[in-house]
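Note on naming: letters A, B, ... go to the chains in the order of the sequence lines (proteins, then strands), and numbering restarts at 1 for each one.
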2 protein chains.
Amino acid sequence: MKPKSKGKKTLKEYISKERLKSTKQRDVIFDEFFSYPGHHVTTEELYERVKKRSSKIGHSTVYRTLKLFKDCGLAFERNFGDGRTRYEPVKFEGEHHDHLICIECGKISEFKDRRIEHYSKEVARLNDFEVINHKVELYGYCSSCRKSK
Amino acid sequence: MKPKSKGKKTLKEYISKERLKSTKQRDVIFDEFFSYPGHHVTTEELYERVKKRSSKIGHSTVYRTLKLFKDCGLAFERNFGDGRTRYEPVKFEGEHHDHLICIECGKISEFKDRRIEHYSKEVARLNDFEVINHKVELYGYCSSCRKSK
DNA sequence: ATTCATGCAAAATGTTTGCAGCTGT
DNA sequence: ACAGCTGCAAACATTTTGCATGAAT
């Protein structure tokens with residue numbers, strides 16, 4: 001018997017706690033979302049992928065389902081300034097990564113730095129603020145765009 | 001004779017360098033933008049304020065002018081996830097501040113931490129990335145919303 | 001049975017664009 | 001005179017909503 005992923009369990013628990021319903025669509029969207037190669041899917045991209053498997057799904061279902069994932073802590077909502085909202089699966093190892101965004105080619109890469117996280121938490125404490133999520137984004141030129149400048 | 005602010009000078013220089021034109025609207029928007037109490041104006045808010053002084057101004061002029069400010073380095077474009085783009089005047093002392101955003105009441109407060117900036121730069125260097133701008137945003141509950149939970 | 005979810009299309013939102021007339025250089 | 005700017009309305013893109021039907025509890 002295949003064990004459920006931790007994420008799927010989180011979703012099912014949230015659904016039953018809130019008296020929502022498990023549906024085929026939610027499962028398909030879940031699978032596509034968590035198997036998406038590369039993080040930061042836009043809703044449109046995910047919709048296109050899901051549509052290939054389940055062709056009569058509607059746009060709104062994808063929107064609503066991503067909000068649901070966000071509400072149950074499975075996804076972060078991100079916005080890198082190109083007008084489209086992106087969603088990123090939350091990792092369960094408690095890791096958090098941040099982003100380098102190239103303003104020339106649009107490439108988004110990730111990094112992780114404990115010290116930045118550490119000081120962020122400290123700032124929050126000093127401000128009597130309870131941090132739920134944090135973002136660190138560095139905008140600039142990636143190495144390949146720098147070379148071709 | 002009243003001296004021009006450094007910001008106004010930057011704008012005028014940019015305008016002449018790019019062969020653009022100085023207009024009444026740009027001046028009014030400039031004044032309102034830099035005298036806005038609180039940072040992070042949305043375009044709509046700024047439009048409303050400008051309209052009070054110069055009632056036949058159009059929406060698009062405000063949009064276009066804020067982009068102009070961004071292009072000449074007078075403003076940062078920000079997006080805190082509520083669907084509206086906000087603009088923030090760039091300070092001339094070279095300071096950079098970051099944000100605490102309350103997900104309950106929406107309050108945005110600012111902080112500044114040199115260590116976070118320092119490590120951000122270091123990460124960039126390791127990734128052969130040239131940073132132009134960076135964002136650190138902590139999302140969570142502010143002290144008053146924590147109290148009333 | 002009841003309540004929630006879906007898909008569709010319509011509406012709402014925020015932003016951009018085309019263009020005729022106007023303004024600054 | 002020329003090139004750029006404005007205001008307006010229309011276009012656009014993304015996201016939300018209303019509603020009749022269908023599915024899960």
Side-chain angles (χ1 to χ4, degrees), chain A residues 8 11-30 32-33 40-72 75-87 106, chain B residues 8 11-30 32-33 40-72 75-87 106:
Chain A
K8 202 146 223 159
L11 177 61
K12 297 296 180 190
E13 282 172 4
Y14 183 83
I15 283 177
S16 88
K17 181 167 69 79
E18 300 287 323
R19 311 260 155 103
L20 306 177
K21 281 163 186 168
S22 258
T23 65
K24 186 109 187 290
Q25 291 89 330
R26 285 175 178 173
D27 286 342
V28 175
I29 295 172
F30 180 96
E32 283 300 324
F33 181 58
H40 328 114
V41 220
T42 59
T43 316
E44 184 61 26
E45 279 162 357
L46 194 60
Y47 169 73
E48 291 301 339
R49 300 194 123 236
V50 168
K51 209 170 173 63
K52 278 182 190 145
R53 274 179 54 188
S54 197
S55 62
K56 31 179 146 284
I57 204 156
H59 249 118
S60 25
T61 302
V62 178
Y63 275 94
R64 291 190 272 229
T65 304
L66 285 172
K67 286 247 151 63
L68 174 69
F69 291 173
K70 184 179 110 185
D71 291 342
C72 64
F76 285 139
E77 209 179 72
R78 303 215 168 268
N79 200 308
F80 296 124
D82 63 353
R84 279 161 297 175
T85 303
R86 288 161 192 274
Y87 287 87
Chain B
K8 202 146 224 161
L11 177 61
K12 298 296 182 191
E13 282 172 2
Y14 183 82
I15 283 177
S16 87
K17 180 167 69 82
E18 299 288 322
R19 311 261 157 100
L20 306 176
K21 279 162 188 170
S22 259
T23 66
K24 187 109 187 290
Q25 290 90 329
R26 286 176 176 171
D27 286 341
V28 175
I29 296 172
F30 179 96
E32 283 300 324
F33 181 58
H40 326 114
V41 220
T42 60
T43 316
E44 184 61 27
E45 280 162 356
L46 194 60
Y47 169 72
E48 291 302 339
R49 300 193 125 237
V50 168
K51 209 173 172 62
K52 277 180 191 143
R53 275 180 53 189
S54 197
S55 62
K56 29 177 149 285
I57 205 154
H59 250 118
S60 26
T61 302
V62 178
Y63 275 93
R64 292 189 271 228
T65 305
L66 286 171
K67 287 246 152 64
L68 173 70
F69 291 173
K70 184 179 108 185
D71 292 342
C72 64
F76 284 138
E77 207 179 73
R78 305 215 166 265
N79 199 309
F80 296 124
D82 64 352
R84 280 161 295 173
T85 303
R86 288 160 192 274
Y87 287 87

Taking CG from B:Asp27 and P from C:dG24, how many angstroms apart are they, rounded to a whole number? 10 Å
Protein-nucleotide distance (B:Arg26, atom CZ; D:dG7, atom P), rounded to Å: 11 Å
Audit row: A:Lys12, A:Asp27, salt bridge (Lys or Arg N to Asp or Glu O under 4.0 Å) steps and yes/no: CA-CA 10 Å; A:Lys12 297 296 180 190; A:Asp27 286 342; 3.1 Å; yes
Would you mind classifying the nucleic acid contact of B:Thr42 as base, sugar-phosphate or nothing, using non-hydrogen atoms under 4.0 angstrom? nothing
Are side-chain heavy atoms of A:Thr65 and A:Gln25 found at a separation under 4.5 Å? no
Could you check how far CG of A:Asn79 sits from C1' of C:dT13, rounded to whole Å? 14 Å
On DNA chain D, compare the nucleotides closest to A:Gly83 and A:Leu20; which residue's is nearer the 5' end? A:Gly83
Just compare D:dT25, D:dT16, C:dT6 and give me whichever is closest to any side-chain atom of A:Thr23. C:dT6
Has B:Arg19 got a side-chain N or O lying under 4.0 Å from the OP1 or OP2 atom of D:dA3? no
Is there side-chain contact between B:Val28 and B:Ile57, with at least one heavy-atom pair below 4.5 Å? no
Of the options C:dT25, C:dT15, D:dT6, whose atoms approach the side-chain atoms of B:Gln25 most closely? D:dT6
Separation of B:Ile29 atom CD1 from D:dC5 atom P, in whole Å? 12 Å
Nearest whole angstrom, please: distance from the P of C:dG24 to the NZ of B:Lys12. 11 Å
Below 4.0 Å: OP1/OP2 of C:dT16 and any side-chain N or O of B:Lys67: yes
For a quick check, tell me whether the side chain of B:Lys21 and the base of D:dA3 share a donor-acceptor pair closer than 3.5 Å. yes
Rounded distance (nearest 0.5 Å) linking atom CZ of B:Arg86 with atom CG of B:Leu66: 13.0 Å
Side chains of A:Phe30 and A:Phe69 in contact at under 4.5 Å (non-hydrogen atoms): yes
Is the closest side-chain donor-acceptor distance between A:Lys67 and A:Tyr63 under 3.5 Å? no
If you fit an axis to the five pairs at each end of the helix from C:dA1-D:dT25 to C:dT25-D:dA1, how big is the angle between those two axes, to 10 degrees? 30°
Any chance you could measure B:Leu20, atom CG, to B:Tyr14, atom OH, to the nearest 0.5 Å? 6.5 Å
Do A:Tyr87 and A:Phe33 pass the ring pair (Phe, Tyr, Trp, His ring centres under 6.0 Å) test, and can you show the C-alpha distance, the side-chain angles, and the key distance before you say yes or no? CA-CA 9 Å; A:Tyr87 287 87; A:Phe33 181 58; 7.0 Å; no
To the closest 0.5 Å, what do you measure between CD1 (A:Ile29) and OG (A:Ser54)? 8.5 Å
Which parts of residues 51-65 of chain B get close to DNA chain C, meaning a heavy atom less than 4.0 angstrom away? B:Ser60, B:Tyr63, B:Arg64
Toward the 5' end of DNA chain C, which comes first, B:Arg84 or A:Glu18, by nearest nucleotide? A:Glu18
Does A:Glu32 come within less than 4.0 Å of A:Arg53, counting only side-chain N to carboxylate O? yes
Between B:Asp82 (CG) and D:dT16 (C1'), how many Å, whole number? 15 Å
Measure CZ/A:Phe69 against C1'/C:dA5 and give the value in whole Å, please. 14 Å
Which whole-number value in Å describes the distance from A:Lys24 NZ to D:dT25 C1'? 18 Å
